[in-house]
Each structure stands twice: as structure tokens, then as C-alpha cells.
Protein chains: 2
Amino acid sequence: MLERYELETFLTLAEELHFGRTGERLGVSTGRVSQTVRKLERRIGTPLFARTSRTVDLTPVGRRLYEDLLPVHRQLRTALERAMDAGRGIHGRLRTGFATPWGGELLTAAADALLAGHPGCEITVREVSLDSGVRPLEDGELDIQLTAFPVREPELTTGPVVLRDDRVLLLPAAHPLAGRPSLGLEDLAGLPLITTEGANPRHWLDHHYPRRTPSGARIGRGPVAATWQEVLSHVTAGRGVAPGAARGARYHPRPGIAYVPLRDAPPLEYGLVWRTAADSALIRAFAAAVGSQGP
Amino acid sequence: MLERYELETFLTLAEELHFGRTGERLGVSTGRVSQTVRKLERRIGTPLFARTSRTVDLTPVGRRLYEDLLPVHRQLRTALERAMDAGRGIHGRLRTGFATPWGGELLTAAADALLAGHPGCEITVREVSLDSGVRPLEDGELDIQLTAFPVREPELTTGPVVLRDDRVLLLPAAHPLAGRPSLGLEDLAGLPLITTEGANPRHWLDHHYPRRTPSGARIGRGPVAATWQEVLSHVTAGRGVAPGAARGARYHPRPGIAYVPLRDAPPLEYGLVWRTAADSALIRAFAAAVGSQGP
DNA sequence: AACCGGCGTTGAGTCACGCTAAACGAACGC
DNA sequence: GCGTTCGTTTAGCGTGACTCAACGCCGGTT
């Protein structure tokens with residue numbers, strides 16, 4: 001049978017086609033690479049590499065062996081990683097959710113990254129409606145959710161902010177304010193603000209849809225929307241204005257909608273949330289993967 | 001990474017679930033098995049075996065790892081075997097042929113046996129008609145053929161006899177001789193013998209379809225057939241009698257045909273034949289596999 | 001021609017580590 | 001109670017994977 005060091009030496013040399021670099025990559029001397037390959041060839045009974053003093057190349061038998069052994073090596077690694085993940089608790093199914101498209105991209109990228117290093121996991125990424133808040137977590141439909149802060153529910157654990165974005169106001173293109181380079185919160189006075197309701201708690205709604213401007217002027221109330229598509233169609237139809245994230249302009253460009261920066265509003269912050277009771281190594285690993293995805 | 005001895009120890013213990021037998025199978029002490037497993041578990045980070053002082057069992061993580069590593073081990077072995085075969089010249093495609101069903105069974109069994117030990121080969125088993133003789137070899141359509149001896153072609157190499165069978169005579173069930181417990185060659189006198197022709201050489205035809213009995217009486221000539229099905233239908237229709245092998249009664253049982261032993265005829269002998277010019281390690285290996293298939 | 005510099009090979013020597021042997025403890029059956 | 005059958009543990013041994021340095025081969029340069 002093939003020893004571990006023989007397998008690795010053969011595969012590395014088959015890729016590098018250079019004894020010196022092979023030894024360097026494996027942390028052994030070139031002499032050792034030469035001896036190992038030589039012994040292997042003697043055992044196989046035929047040369048695996050055709051080498052002059054200047055060049056190294058695979059023989060047909062060597063090439064075939066390389067093609068056969070490469071997947072073996074991969075499987076060996078994933079099998080071990082899977083077992084080690086299970087040992088560390090990083091295994092099983094993780095149902096993740098997001099409400100905004102850029103959140104979806106972030107979660108998908110993080111899921112791919114995590115899966116690459118932890119092949120034993122199963123990660124699903126689902127979209128949830130704007131008005132569901134953190135209800136999917138409480139209902140046990142999701143294990144972890146990317147949501148807009150603030151989150152104050154006591155039974156939930158929140159991760160750090162992983163996405164930050166400037167606030168903008170979505171206006172009908174024909175609106176008198178639509179031409180402004182930027183707006184202030186005071187400009188909201190009297191405008192009909194499109195909101196969401198549903199499962200979002202009171203403090204969250206107050207934070208994202210204030211009832212008064214800083215100076216105390218009342219902000220109007222427009223229609224209630226449950227999804228971004230609804231918000232967009234309300235704005236396009238002139239039924240109101242909606243607060244949003246600057247990225248929205250890239251993800252939901254509409255000819256009938258103007259995205260105007262809101263100068264004095266605090267930035268939007270997104271982060272991960274999960275049920276404290278359902279905390280797990282897999283959740284922590286996923287949160288870490290999302291965190292290292294940003295920059 | 002996993003060392004060879006760790007892989008083998010783990011897989012063996014997962015199958016045996018017994019440290020003593022595992023050590024015995026691997027030729028090491030039980031202490032070594034214990035140490036190896038222990039070290040592996042420490043590295044993985046979780047127990048792979050649940051063991052009391054009386055029983056050993058796989059943990060879920062261990063079971064999963066076993067299922068992952070078993071195919072890896074198989075692939076590793078076949079990859080090595082393939083390379084070693086290539087080193088010994090046992091590789092490539094081998095087209096084999098046979099004319100009788102029992103020959104087909106023998107070749108198929110031999111092909112399976114060979115393939116088990118030499119995964120790099122590709123072996124096809126085809127049926128050839130009765131009247132093609134060794135023509136497929138000469139035409140280059142086959143590499144090796146199981147045929148009824150004698151073979152005297154100078155450019156062909158013959159292997160040893162791998163199948164021997166008593167001769168019988170196929171008669172219509174209603175024929176007066178059909179009731180006899182056995183027949184002698186003299187009984188052929190005057191009977192219309194069903195023969196084949198095609199590519200079979202003269203000496204072969206004379207050997208299998210004699211024109212006279214030992215005492216000199218003429219043997220008749222019936223219709224010419226190219227396949228066993230034709231022979232059988234000629235016999236059933238009463239158009240003649242046919243010499244054959246005793247096994248035929250098992251492989252071609254027909255209500256309208258009687259198989260009566262031919263007492264004084266030499267037994268039928270089958271063996272492998274191949275073109276001397278196309279001799280190869282693969283052919284020799286296959287011939288050996290066929291030879292060791294019989295008993 | 002002579003001289004490099006890069007590269008694979010070879011041999012002597014060293015040290016980690018896989019392995020054994022033996023003692024030990026735990027869990028049964030009688 | 002004892003004997004048996006397991007798996008575990010420890011000290012000590014020996015093999016073989018490794019390093020280091022010298023060597024030979026080849027192509028490019030002056």
C-alpha cells in the first residue's frame with residue numbers, strides 16, 4: 001500500500017514537475033523526494049516520471065496514476081475534515097435567511113466559503129419578507145438570520161455589524177424633491193412614509209420609520225408594504241416615499257424612482273441574529289464566515 | 001493527513017469491531033491498534049469507537065468516517081494495481097470470443113476474475129458462429145478465442161486444454177437409435193451428419209465430421225449449419241444427426257432432441273488460441289485466469 | 001575550451017516514531 | 001471465589017524517513 005508521504009510526494013511532483021520545488025512545498029530535502037519517487041517507481045515496476053538533468057515529465061503510466069490518485073487525495077481530506085468538524089460540532093444543517101438582495105449575496109458567499117472548509121455541512125439560504133422581522137427565528141423556521149439592526153429581543157443573540165450602508169430616500173422621479181443632491185430628515189415633514197409592519201417590533205419600527213422629524217414636525221404615513229417589490233411599486237405610483245439603503249439603487253434600479261441620500265440619518269446596520277438557546281458551533285462558524293466575507 | 005497505517009487500522013477495526021482480531025489481521029499487537037486509534041481520535045477531536053471492556057462499536061462520527069474512507073481505500077488500491085499492471089504490461093483492451101455457451105460462461109467468469117485483480121483492463125466477450133473457426137483471430141477482430149481443438153495453424157499459439165467433454169450424438173427424439181443408452185462410431189454409418197464449413201480448416205472438419213466409421217463404412221452428409229440454433233432445428237426437423245458435447249444437453253435441452261453418448265469417440269477438447277504475433281502479458285494473464293477457472 | 005549555475009542522484013549518518021512485550025484493570029461466566 | 005477475555009498502558013527497541021554534503025550531468029556564457 002501507498003504511504004501518506006509517498007502519495008503526497010508523488011502528487012506534488014506530478015504538479016510541480018520539479019524536485020526542488022516539490023521538496024520545498026513538502027518541507028523536505030530534494031534528496032528525499034528523489035529517494036521516495038525512486039522507491040515508488042521500483043515498487044510499481046515502471047518509471048512514473050521521465051527525467052533528464054534539465055526536465056521532469058510524467059510518463060503515461062505516471063499521468064494515469066496521477067489522475068487516479070488526485071481524487072483519492074481530495075476525498076481523503078474531505079473525509080477527515082468532515083470528521084473533525086463533527087468533533088468540533090461544526091456539522092449538520094443550517095437554515096439561513098435574509099431580507100435584502102445584498103444580504104442574500106453575502107450569505108451565499110459565506111455559505112460557499114464555509115462549505116469549502118467544512119464539507120459535512122448543509123446550508124440553505126432563503127429570502128424572507130420585509131415584514132417578518134425575526135419571526136422566522138422564533139418560529140424555528142430559520143437557524144440564523146441577517147437582519148437590519150436594532151435587535152433587542154432578549155432571547156436572541158446578535159453578532160457584530162457585518163454590513164453598513166448610508167440611508168437614502170426613495171422618491172417618485174417626478175417628485176419636487178427628487179432633483180435634490182441630498183435631503184435632510186427635516187425634509188420628511190409631511191411626506192407619506194411607506195412602512196412595513198408585520199412581525200417587526202415597535203422599537204424597530206420607530207427606529208426605521210420615525211413619526212416626527214428632529215425638530216418635531218409630523219412625518220406622514222403612506223401605504224404598508226411587505227416586500228421590496230411592493231415598496232417599489234408604491235413609490236413608482238406616487239403613493240409615498242420610502243427610506244432605504246444606498247445599495248438599493250444598484251439592486252433595484254427603476255426609471256420611475258429617484259434614490260436621494262439622507263444626509264443626517266444614521267447609517268443602516270445589518271447583522272446576524274440567532275436564538276440564544278439554539279447556539280451552536282456551526283452557527284458561530286457561519287457567523288465568522290460572514291464576518292470575514294465583507295472586506 | 002492520515003497515515004497509511006492509521007487508515008488501515010481504522011478501516012479494519014471498523015469492520016472487525018474487535019481490537020484483537022484487528023491486530024491479528026494487520027499483523028500488529030492489540031496494543032498498537034489501541035494506540036493508533038487513540039491517537040487518531042485525539043486528532044479528530046471526538047471518539048470514533050464506543051468501547052467498553054467487552055464491546056466495541058462505531059460512533060456516528062466513526063460510522064460516517066468509515067463510509068467516507070472505504071471507497072477511498074478501494075480507489076487507492078485499484079489505482080496502484082492499475083499502475084503495477086501497466087508496469088507488467090497487463091493493460092489495455094482484450095477482445096475474447098467463444099462459440100459454445102459453456103465457453104461463454106467460462107470466459108465471462110475468467111474475465112471477471114482477471115478484472116478483479118487488474119482493474120486497468122478492458123475485456124469484451126463475444127460469441128462467434130460455429131463456422132467461423134479461427135478466422136476472427138486472423139482478421140484481427142478478436143485477440144483470443146476459445147475454440148474446439150485441434151488447432152494447427154502455424155501462426156497461432158494454443159494454450160492448454162481448459163475444457164473437456166464427452167461426445168454425444170444429437171438425434172431426433174423419434175429416431176430408432178434415440179432410445180439406446182449409448183452409441184458407437186459404427187452406428188454413424190449411413191446417417192446424414194449435420195456439419196459446419198465456413199472458415200474451419202480441412203483437418204478440423206475431418207476430425208469433427210469423419211467421412212467413414214472406423215471399419216470403413218461411409219458416413220452420410222446432412223445439411224450444413226452455421227450456428228447451434230440451426231443445428232438444433234435441423235435435428236428437430238429430422239434432417240440429420242449432429243455430433244456434439246455432452247454439456248449441450250444442459251445448455252440446449254429440446255423436447256424433440258435426444259442426446260446419446262458416443263462410446264468410442266475421443267473426448268472434445270477446448271482451449272485458447274491467439275495470434276503468436278499478438279502475444280502479450282495481458283493475453284497470458286487472461287489465459288492463466290481461464291486455466292484457474294476450471295476446478 | 002573552460003567555467004559556471006541549476007538540477008537530480010547518491011551515500012552516510014541521525015533521530016523520531018511505529019511497534020512489541022508485559023503488566024494491568026475491567027467485565028463477564030462458572 | 002477464580003479463570004477468561006477483553007482493551008489499555010508503559011518502557012524500551014529498531015526500523016526507516018529524513019538531512020547533509022558530495023557528486024555527476026547538462027546547457028549557457030565568456
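In the text below, chain A, chain B and the rest are named by the order of the sequence lines, each starting its count at 1. What you see is a predicted model, and the numbers here were worked out from it, not measured in a lab. Only this structure's heavy atoms are used, side chains among them; waters, hydrogens and symmetry mates stay out.
- One finds a salt bridge joining B:Glu81 and B:Arg77 here, because a Lys/Arg side-chain nitrogen approaches an Asp/Glu carboxylate oxygen to under 4.0 Å.
- A donor-acceptor pair shorter than 3.5 Å can be found between the side chains of B:His118 and B:Asp85.
- Side-chain atoms of A:Asp165 come within 3.5 Å of backbone atoms of A:Arg247 as a donor-acceptor pair (strictly under, hydrogens ignored).
- Ion pairing between A:Arg93 and A:Glu122 fails under the 4.0 Å rule for side-chain N and carboxylate O.
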(request) Scan nucleotides 8-20 of chain C nucleotide by nucleotide, 5' to 3', and note B when protein non-hydrogen atoms come under 4.0 Å of the base, S if they reach only the sugar-phosphate, - if neither. (result) SBBB------SBB

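- When ring centroids are compared, A:Phe49 and A:Phe10 come within the 6.0 Å threshold.
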